[in-house]
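Notes for the one structure printed next.
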Amino acid sequence: MTLDNLLKGVQTVAVICNQWGDTGKGKFSDYFASQWADVTARGTGGNNAGHTVVVNGIKKVFHLIPAGITNDSLGKITILGNGMVIDLEVLSSELDELDSDGVSYNNLMLSGDANVIMPYHVNRDRAKHQSQKNGGIGSTGRGIGPSYSDKIARRGIMVRDLFDEDNLANKIRKASELYPEQNINVEEVIERLRPYAERVHPFVRDTVAEMHRFMGEGKKILLEGAQGLLLSIEHGTYPYVTSSDCSLNGTAGGVGLSAKDIDLPLGIVKFPFMTRVGAGPFPTELGGNMSESYCAEEGHTRLDELQEHGIPHTSSNGKIEYNWRDPRIIEMINSEDFFTQGIGIRLAASEYGATTGRPRRVGWTDAVAAKYASRINGGLMILTKPDSLSGLNEFKICYGYERGSEVSETFSRDGELLRSASPVYKSYQGYGDIGDIRSHGNLPRSLKEAIYDFEKFTSGKVAVVSVGPDREETIVI
Ligand code: IMP
């Protein structure tokens, strides 16, 4: 079976995440965008996200523009939807990059209703209290929270406001009262934004009306999710969340569709380990609180960790190379010290933030959380990255939370409750290299058993297992 089998009779697909983000949505959105979709759209978040796009064989990280842009010359459409927050400077620099790579963007559409991330939002977000070290949530510092706060408070600046400078000046003047510490100079802000606003102006559309037209015309539509259900403002571990609703509902609403319009929601789950970036409860975290504070500190980049643990590597022009199956890393992923095991898994699976470079916190896959996420997002599930843990002697999946003498199988958004839970694990035998396996039947027995248990526990259906970053390294069940 191939991914195409999943797409029979399907007009709309959403690639979303059933964990805390960074589950490898990119591989699948890229596939659907290039091989199938007529329209690729994003509905939530901003440049807090990061995904790799392959342009002329070279990998590039984009933060706003969806993967589908590389097919623009074929007449395919790319939409930045109404639910997004847009940093105009970042969008302009992504357009510059496309220019320098010779990639056209004639069919790019930017919603006039999207909100703008203003320079004072970025300053506010970077201010001390947002930093994880100082007890903040450890945001990406891109101004996401402050921009959405202004949106919810009904004083945000929408993309279409940029083209009426009197109105824009009034709005910025109001903002200057709300952010007195920043001594906002209204004229200066307008001057700074003007060239970027002019740059994006030709792409501004009523994208909701366009989307409804595309639906009516039977165009194939891909929704590219951002972040993950457990980071959703509506369903995640509040307040340790992002400021948009990254569920299927939020993603569909963010482009003007109903969740019911989505024929095939695909919820991605990293398996058998998962990650989280930034602060907040994470019941299965390897190394617990120690790992949480370690990951919040500076000085633990991938390079630092390679050096500290004596793993041979080369580093030039920011490109770091090492053997992810170096015997020392294999030793670490099998360590009885969970903190060290977590670092080993991070190195083996390359778990460092695409946007911030921060080390991601690592733990075993939490089926309790996945059951909750899958219930809200619906659809089928895709399991990613089991291949990166080849060489493990044993892995675990969490099927319950123990508190005192009680065991619960229900996820809670209450951080205190989550932090007081001890995960109840089932252990499975580890496995060797699985990167070349192409059928479910050929997967190691213990992995099949874990997938079976996981489906049963979550009442969800696993449709795909990804065994490597390349398109062919995919098993459709
Ligand atoms: P914000 O979205 O920058 O406000 O950050 C809020 C929280 O969401 C922080 O814990 C971030 O680390 C996390 N976050 C935001 N975007 C991503 C993402 O794309 N992947 C993983 N975590 C993210």
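Only heavy atoms go into these numbers, but all of them, side chains included; no hydrogens, no water, no symmetry mates. Numbering of ligands and ligand atoms starts at 1, following listing order.
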Polar proximity ligand 1 side, [X] side, N/O cut 3.5 Å exclusive:
X	answer
Asn48	yes
Ala49	no
Arg358	yes
Asp125	no

Looking at ligand 1, would Arg142 count as a contact under a 4.0 Å heavy-atom criterion? no

Contact between ligand 1 and Gly138 is defined here as a heavy atom of the residue under 4.0 Å from a ligand atom; is it met? yes

In terms of side-chain geometry, is the basic nitrogen of [X] or [Y] positioned less than 4.0 Å from the acidic oxygen of its partner?
X	Y	answer
Glu351	Arg302	no
Asp96	Arg199	yes
Glu305	Arg346	yes

Taking every heavy atom of Asn71 against every heavy atom of Ala33, the minimum-distance pair comes out as ND2-O, 3.5 Å

Quick one: which of Leu231, Val241, Thr237, Thr23 has a heavy atom closest to atom 13 (C) of ligand 1? Leu231

Identity of the nearest option to atom 16 (N) of ligand 1, non-hydrogen atoms only, from Lys25, Gln227, Arg360: Gln227

Does [Y] offer a backbone N or O that forms a donor-acceptor pair with the side chain of [X] under 3.5 Å?
X	Y	result
Arg42	Gly46	yes
Glu402	Ser422	no
Arg124	Tyr179	no
Asp38	Lys220	yes

Looking only at heavy atoms, is any part of Thr140 under 4.0 Å from ligand 1, and if so is it the side chain, the backbone, or both, or is it neither? both

Can you tell me which portion of Trp20 lies within the under-4.0 Å heavy-atom range of ligand 1? Options are side chain, backbone, both, or neither. backbone

Classify the ring geometry between Trp36 and Phe32 as parallel (under 30°), tilted (30 to 60°) or perpendicular (over 60°). perpendicular

Considering only heavy atoms of [X], which atoms of ligand 1 have at least one such atom less than 4.0 Å away?
X	value
Asp22	20 (N), 21 (C)
Gly278	10 (O), 12 (O)
Ile137	6 (C), 10 (O)

